[in-house]
Amino acid sequence: MFGCGNRDSINRNVHFSRAARRFAQDAKMLRCRAAVHVENKDDVMFWRNVLKHFRPGDKFHFISGSRNEYGHETSGVTQCLKYFNFLNPEFFICIDSDYRYLLCEQKMDVRHFVIQTYTYSFENHHCFAGGLHDVCCRVTHLNNTVFDFSVFLKRFSNILYELFIWHLYFQNADPVRFSQSEFASYIGLTNSRAYPLVCDNAARALDELRHRVEWKVEYFGRRYPHANLEVVKQKYLKLGLNPDNVYLFVRGHNLYDMIFLVCKEVCKAILRNEKRSRKITREMVSELYRSRNNLDVQLRQNIKYGAYLPIQKMEEDIYCLLGRN
């Protein structure tokens, strides 16, 4: 049995070694700087834009899925990491960090030809607070005077901070006690006609979230009185996590859905205000709505290079691996 298992391991290594060489050769034939394996098709646009920004003179051959050791076409981070032992400057991987960065997973770094988001996923970068005002302005072609995204996401992060620290504590101690899916249920806000999300900069929705979070934090405090969270906080502070930027490190898909909803409501409020503020004809109103840009397209263009720690760390990694122009 041992010999059979050893042969399987050798066969897997041969499979992924050959595939890695083939990807690098394909990139050369296409006159690309390197082949880049990403998690899924949705990731390609983000990584293409990032690499183009920092290396505008280079082209890259992107692979969003490949065959596993059983011959099945497969995608995802697990598939990317199967090439780990066969990466080099001509074939590397770009992946979401998930919690790998915060949990200090070994060898997940540029020295091993892994470029990561440093946020939970690439979606968190699109939700960076400093660019969301401009997103709504581009969508509506009007100035946003109804919502302050920086204040909103700072308060949102401060509300979640203690609970997120508990979540990271359990990720190390006992992940089942407070799972990722359970924590992700807190990354969402209530929106209704009676209490619009954008009213008073989402104050009511954030207060509802705060009550839910405080109940859970108090429960953990009673249940686990000996947990030393100050040590945990200091550990993650050194990695860049603080009460104001928790939103960059929570599950990106959930965050993106929430930010998309907020932006949508903000854009609608901007247009309503514009209609109220001046005398305009029906034709002018129709043109106002026809001229809106696609929100999802604009949101996925929201990348503020150099503006915050995770994007700065990505920049350092890309220059470390590929050099500066």
Side-chain angles (χ1 to χ4, degrees), residues 42 45-46 49 119-160 184-213 243-280 282 284-305 307-308 311:
D42 291 342
M45 181 181 293
F46 173 80
N49 289 338
T119 56
Y120 186 95
S121 68
F122 74 86
E123 286 97 341
N124 300 73
H125 287 284
H126 293 315
C127 297
F128 177 63
L132 297 177
H133 171 88
D134 293 337
V135 167
C136 293
C137 292
R138 289 198 302 270
V139 169
T140 61
H141 300 288
L142 297 165
N143 190 31
N144 167 30
T145 60
V146 302
F147 200 85
D148 190 322
F149 285 99
S150 295
V151 170
F152 165 70
L153 280 170
K154 182 177 179 180
R155 187 178 175 198
F156 175 78
S157 292
N158 276 263
I159 290 170
L160 281 183
S185 68
Y186 290 87
I187 311 171
L189 298 175
T190 303
N191 185 39
S192 66
R193 288 187 177 182
Y195 302 105
L197 186 58
V198 297
C199 182
D200 197 19
N201 226 73
R204 183 184 180 91
L206 288 172
D207 282 342
E208 290 179 356
L209 175 63
R210 178 172 53 80
H211 290 312
R212 291 174 56 215
V213 167
D244 293 342
N245 67 5
V246 170
Y247 76 97
L248 292 174
F249 300 97
V250 301
R251 186 183 284 179
H253 181 75
N254 298 80
L255 179 72
Y256 188 90
D257 287 346
M258 183 192 75
I259 292 299
F260 183 89
L261 174 61
V262 175
C263 287
K264 181 179 177 181
E265 294 302 314
V266 169
C267 290
K268 287 162 63 176
I270 292 171
L271 292 171
R272 284 197 302 269
N273 286 354
E274 179 69 8
K275 286 193 294 182
R276 294 193 194 104
S277 67
R278 58 178 183 168
K279 293 180 179 179
I280 54 179
R282 286 186 178 181
M284 293 169 69
V285 172
S286 298
E287 180 60 30
L288 200 63
Y289 280 87
R290 279 198 300 270
S291 67
R292 286 184 296 174
N293 289 316
N294 184 281
L295 176 56
D296 186 63
V297 170
Q298 296 300 322
L299 195 52
R300 291 186 182 276
Q301 292 178 5
N302 180 37
I303 306 177
K304 290 294 183 181
Y305 298 103
Y308 54 104
I311 199 75

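If you take CZ on Arg300 and CG on Asn49, they are separated by 11.5 Å, rounding to the nearest 0.5 Å. Taking CZ of Arg210 as the reference point, atom CG of Leu160 lies at 12.5 Å (rounded to 0.5 Å). Considering CD1 of Ile159 and NZ of Lys154, their distance stands at 13.0 Å, rounded to 0.5 Å. Atom CD1 of Ile270 and atom NZ of Lys268 lie 12.5 Å apart (nearest 0.5 Å). Separating the CD atom in Glu123 from the CZ atom in Phe260 is a distance of 13.5 Å, to the nearest 0.5 Å. For the atom pair CG (Leu206) and CG (Leu153), the distance works out to 9.0 Å, reported to the nearest 0.5 Å.
Comment: Arg212 does not engage Asp207 in a salt bridge, judged by the lack of any side-chain N to carboxylate O separation of less than 4.0 angstrom. A salt bridge is absent between Asp296 and Lys264: the closest approach of a Lys/Arg side-chain nitrogen to an acidic carboxylate oxygen does not fall below 4.0 angstrom.
The two atoms that bring Leu142 and Leu271 nearest to each other are CD1-CD2, 3.8 Å, heavy atoms only. The two residues Gly252 and Ser121 make their nearest non-hydrogen contact at CA-OG, 3.3 Å. Of all non-hydrogen atoms in Val146 and Ala269, the two that sit nearest each other are CG2-CB, 4.2 Å. Nearest heavy-atom pair, Thr190 versus Ala205, reported as atom, atom and distance to 0.1 Å: O-CB, 3.7 Å. Minimum interatomic distance between Leu132 and Cys263 (heavy atoms only, all atoms of both residues): CD2-SG, 4.3 Å.
Tyr247 places no side-chain N or O within 3.5 Å of a backbone atom of Phe128 that could act as its donor or acceptor partner. Between the side chain of Asn144 and the backbone N or O of Phe147, at least one donor-acceptor pair lies under 3.5 Å. Between the side chain of Asn201 and the backbone N or O of Asp148 there is at least one donor-acceptor pair closer than 3.5 Å. Of the possible donor and acceptor atoms, one in the side chain of Arg138 sits under 3.5 Å from a partner among the backbone N and O of Gln298. Side-chain atoms of Asn124 do not come within 3.5 Å of backbone N or O of Arg251 as any donor-acceptor pair. In this structure a side-chain-to-backbone donor-acceptor pair under 3.5 Å is present from Asn294 to Val297.
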His133 vs Cys137, test: side-chain contact (heavy atoms from CB on, under 4.5 Å). Steps then yes/no.
CA-CA 6 Å; His133 171 88; Cys137 292; 3.5 Å; yes
For the pair Leu189 and Phe152, evaluate side-chain contact (heavy atoms from CB on, under 4.5 Å) and give the outcome as yes or no after the intermediate values.
CA-CA 12 Å; Leu189 298 175; Phe152 165 70; 3.5 Å; yes
When you look at Lys304 and Asp134, which way does the salt bridge (Lys or Arg N to Asp or Glu O under 4.0 Å) test go after all the steps?
CA-CA 11 Å; Lys304 290 294 183 181; Asp134 293 337; 3.5 Å; yes
Assess whether side-chain contact (heavy atoms from CB on, under 4.5 Å) is satisfied between Ser157 and Asp244, documenting all intermediate values.
CA-CA 5 Å; Ser157 292; Asp244 293 342; 5.5 Å; no
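Residues His125 and Tyr308 bring a donor and an acceptor atom of their side chains to less than 3.5 Å of each other.
Residue Leu248 forms a side chain to side chain contact (heavy atoms under 4.5 Å, CB included) with just one option from Leu255, Thr119, Ile311, and that option is Thr119.
By the 4.5 Å heavy-atom criterion applied to side chains, Asp200 and Arg204 are not counted as neighbours.
Using cut-offs of 30° and 60° on the angle between ring planes, the pair His126 and Tyr256 is perpendicular.
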